[in-house]
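Contents: one structure, followed by commentary.
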Amino acid sequence: MPKKTKKPTAPHILISSELGLEAAINSYVDAALALLRKKSKQAKALAKLVAEHDEENRDLETQVLSLETGIQLFCTTHRSVVLPDETKSKSREFGNATVGFRFNPFAVSKLLSNDTWDAIVERLEAAAWGEDFVKTVTTVDKDALLKKRAELAESQLKEVGIAFTQGETFFLEPKSELLEAARNPVEPEAPAAVSAA
């Protein structure tokens, strides 16, 4: 097993002047655009590879699904033949596979398909034993608070223990036209062949 290699850490750069800042930004943009070009090329190559393999795999995927469906249908409709003593085992081994039936975890479902969960909640609340099985979720409507931010006084907010805060995030963005050019590099045209006359 190959040893895991540590991912190299980026060297720390100390900028001490505005001129140094400009040089660092230029280096950053050059490196970021080069990385974007490489990743764009990689994404295109991966998309092409996936498309090729999808095409190659399509027939086998269809065959596998068809066989799996046929096997499941046979085992379901001929369960007593496949599992003659289901009290001992819910599966059967063959030379290269095992078929069988597993219990899924219990789930709560509606008895009637046209019933609603709201109606079931009401019936549970009305039942002497059902109250423990109804959950009410109450939460702060932060979106509504933000919409009414200008109308709420600071004293009101303090009264209930909340405040409106706004963070600040640094950003560094190469110019959009440079990003676009890096994402969609123009392939150089092959030189025209010169014919000897």
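Index from 1, following the sequence.
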Without swapping roles, check the side chain of [X] against the backbone of [Y] for a donor-acceptor pair under 3.5 Å.
| X | Y | result |
| --- | --- | --- |
| Ser66 | Thr62 | no |
| Ser40 | Leu36 | no |
| Gln156 | Ala153 | yes |

Mark yes when over 12 heavy atoms from residues, nucleotides or ligands other than [X] sit less than 6.0 Å from its [atom1]; otherwise mark no.
| X | atom1 | value |
| --- | --- | --- |
| Glu125 | CD | yes |
| Trp129 | CH2 | no |
| Glu154 | CD | no |
| Lys39 | NZ | no |
| Glu22 | CD | no |
| Leu172 | CG | yes |
| Leu67 | CG | yes |

Heavy-atom check, side chain of [X] versus side chain of [Y], under 4.5 Å:
| X | Y | value |
| --- | --- | --- |
| Arg123 | Asp115 | yes |
| Val137 | Lys135 | yes |
| Ile71 | Glu68 | no |

Next on the checklist: As a quick check of understanding, evaluate salt bridge (Lys or Arg N to Asp or Glu O under 4.0 Å) for Lys147 and Asp141, giving each step before the final call.
Outcome noted: CA-CA 10 Å; Lys147 286 178 185 172; Asp141 188 346; over 6 Å; no
Checklist entry - How long is the span from the OG1 atom in Thr76 to the CZ atom in Phe101, to the nearest 0.5 Å? => result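 Reported to 0.5 Å precision, the distance equals 4.0 Å.
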Item to check | Distance, nearest 0.5 Å, that separates CZ of Arg37 from CG of Leu35 | outcome: 10.0 Å
Item to check | Verdict with supporting geometry, Leu49 and Glu52, side-chain contact (heavy atoms from CB on, under 4.5 Å) | outcome: CA-CA 5 Å; Leu49 184 65; Glu52 287 172 8; 4.3 Å; yes
Checklist entry - Should Tyr28 and Phe170 be counted in the same cluster of Ile, Leu, Val, Met, Phe, Trp and Tyr side chains packed under 4.5 Å apart? => result yes
Checklist entry - When you check the side-chain N and O atoms of Glu180 and Asn184, is any donor under 3.5 Å from an acceptor? => result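 Asn184 and Glu180 do have a side-chain donor-acceptor pair below 3.5 Å.
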Checklist entry - side-chain hydrogen bond (donor to acceptor under 3.5 Å, both in side chains) between Thr116 and Asp118: does it pass, once the steps are laid out? => result CA-CA 5 Å; Thr116 65; Asp118 289 338; 5.4 Å; no
Checklist entry - Could you walk me through whether Lys90 and Phe103 pass the side-chain contact (heavy atoms from CB on, under 4.5 Å) check? => result CA-CA 10 Å; Lys90 292 180 66 66; Phe103 283 116; 3.9 Å; yes
Next on the checklist: Under the criterion side-chain contact (heavy atoms from CB on, under 4.5 Å), I'd like the reasoning laid out for Thr98 against Arg92: C-alpha separation, chi angles, the key distance, then a yes or no.
Outcome noted: CA-CA 6 Å; Thr98 304; Arg92 179 171 167 190; over 6 Å; no
Item to check | Residue pairs passing the ring-ring contact (aromatic ring centres under 6.0 Å, His included) test where at least one lies in residues 33-85, sequence neighbours excluded | outcome: Phe74-His78
Next on the checklist: Assess the residue pair Ile120 and Lys110 against the criterion (side-chain contact (heavy atoms from CB on, under 4.5 Å)); give the C-alpha distance rounded to whole Å, side-chain angles, the decisive distance to 0.1 Å, and a yes or no.
Outcome noted: CA-CA 8 Å; Ile120 292 169; Lys110 298 183 286 186; 3.6 Å; yes
Checklist outcome for this item: In terms of heavy-atom contacts, Phe94 and Val99 come closest through CE1-CG2, 3.6 Å
Item to check | Ile15 to Ala24 - nearest heavy-atom pair and separation | outcome: CD1-CB, 3.5 Å
Next on the checklist: Under the salt bridge (Lys or Arg N to Asp or Glu O under 4.0 Å) test against Arg58, which residue among Glu55, Glu56, Glu61 passes?
Outcome noted: Glu55
